[in-house]
Amino acid sequence: MRLERAGFSLDVAMELPGHGVSAIFGPSGSGKTTVLRCLAGLERVPGSLVDFQGITWQKGAHFVPVHRRGIGYVFQEATLFPHLDVRANILYGARRHGMPRQDKAIQEIVTLLDLTPLLRRHVCHLSGGERQRVAIGRALAASPRLLLMDEPLANLDQGRKLDILPYLDRLHETLRIPIIYVSHDLDELARLSDYLVLLQAGRVVQQGSLFEVLPHLETNLLDEQDACVVLQARVAARDSSWQLARLDFAGGSLWARDHGVPVGSQLRVRLLARDVSLSLEKMEHSSILNSLPGMVTGIVPGGHPGLCLVQVQLGDSLLLAQVTRRSMTEMGIHPGMALWANIKSVTLLEQPLGTRLGTR
Amino acid sequence: MLLSADDWQAVWLTARLASVVTLILLVLGTPLAWWLARTTSSLKKPLGAVVALPLVLPPSVLGFYLLLAMGPNGPLGRLSAALGLGLLPFSFWGLVVASLCYSLPFMVQPLQNAFEGIGKPFLEAAALLGAAPLDAFCTVAVPMALPGFLAAVVMTFAHTVGEFGVVLMIGGNLPGITRVASLQLYDHVEALEYAAAHRLALVMVTFSFLVLLAVHALRPDARRRD
């Protein structure tokens, strides 16, 4: 799609997978929300082409109006109808799609999002996190074909975010419809998304699978603190004497704090570049538990001029390490070089409901 | 007996006039207010100004133009004659038409404000949930604008009850046909019947007070829902 506005132009071609969570990531003002609104039909940009699973939503003069697209949309600010209670809000969309009041699917959504205690409540007596949960439930109850989420956590404080993230994990696991999730928070996206589109000033800069895109993200586009990789890992063992868990991933294994995730579970692990240091030899006599051998495959600028990011291949996985340019020169780091990656902390993503995200 | 038969006739006529006018304006004013609240058209400002005109225009000026328009050579007069209704001046329906013009802003402006106060995202949310525009209007916009509707109806009714200049210009002062309460009061004063004037005035004051009391009693509920 192509859109021209005073001081802003959007020229975006993206093809998103028809399942899983696709994330649109970019700094504010990059056009993320506009893309979402065009997809939903809330904004009509002449000359754009919008196709969804073989159905043309917009092409030339053809334009399917919003109410016939069957889209679930969660806004940054939960737009719950103030004249209706929670139950009536949830049923608003469901009724318009011919679903009976006691539909099983609605019951499942209510259970999934733990909305039962809220049903009788008036929407003005809900907390911010509860409002967003109801808004998600309302969108899903209309059995949409596509769920669009526009920074649903942006207006929540950290505590509320942590309350609602496990529910989003659940959606990610259970929903069969595709989700497009817009955010400028890499934390959320690393945890929730499968596919990543990086948008800058109305242009797609990078797109691809989350695992593949993260190690190659243009670092000038994000906060250098944010550079990270996400690995798919499996809990292979739990050491009860030290309260540690061993996580196996393609390319090695890591020891992390045991958060009670059972052996055999799949989970995501996030490694921040600033938590990875490099050494020429295996680190002995150090407090760092995880020291893994790897090979340098690339070096990119690291945001601050004194820093750079080193890409290190560990088996089939790629890691990022943030090092100073001085260290890089003194150690003679170059592509093809074998060295050790020392990982100071491991963040487990996708925690089971009820456990707070304990990291580090 | 507090009021004379003539007084009651005038009060009854006033109530009938105000009810008819309020009802018609509710029907006509709602879509107009909705359009004014939502449109991005360049006509919004001029049309809004036309709607607001009766607020600043002396009622006698409005009455004068309406009298001309309703006369045998005016556009409204020709229309009503062609429809076999006869001429409107000095008739109840003439008063209705005049009051529609006079009271229009009192209906449209509160409604427009109420509609503008509903954030666009609420209507977008309704559409995304499958509500067609008319459906979204009835099930989201109207309920959310309910306090605005209440204000609009009360203001329109009260202003129609209170009008004087336009009524005098269009309706004359025909007992039972166009002699509304405000004219009746004027007649009492003219005839130096201060006691009768007091009684009628007291009825009007009591009525206004009760209306406002009712509005305030209903308000907190509406506020809570905001």
Relative to chain B, which segment of A/A139 carries a heavy atom at a distance below 4.5 Å: side chain, backbone, both, or neither?
-> backbone
For B/F64, does the CZ atom have more than 12 heavy-atom neighbours from other residues, nucleotides or ligands under 6.0 Å away?
-> no
Nearest-0.5 Å distance that lies between atom CD1 in B/I118 and atom OG1 in A/T79 | 13.0 Å
Determine the minimum heavy-atom distance between B/L129 and A/H97, stating which atoms define it.
-> O-CE1, 3.2 Å
Non-hydrogen atoms of B/F122 and A/F81 that approach each other most closely | O-CE2, 3.4 Å
Should the heavy atoms of other residues, nucleotides or ligands under 6.0 Å from NZ of B/K44 be counted, would the total exceed 12?
-> yes
Would you call B/L128 and A/L148 a side-chain contact if the rule is heavy atoms closer than 4.5 Å?
-> no
Spacing of OG1 belonging to B/T139 relative to NE2 belonging to A/H83, to within rounding of 0.5 Å | 6.5 Å
In terms of heavy-atom pairs under 4.5 Å with chain B, the winner among A/R68, A/R95, A/R37 is A/R37
Is there side-chain contact between B/E124 and A/Y73, with heavy atoms separated by less than 4.5 Å?
-> no
Could you tell me whether the side chain of A/P82 reaches within less than 4.5 Å of the side chain of B/M144, counting heavy atoms only?
-> yes
Shortest non-hydrogen contact from A/Y92 to B/A126?
-> OH-CB, 3.8 Å
Of all the heavy-atom pairs spanning A/H67 and B/P133, show the shortest one and how long it is.
-> CE1-CD, 3.7 Å
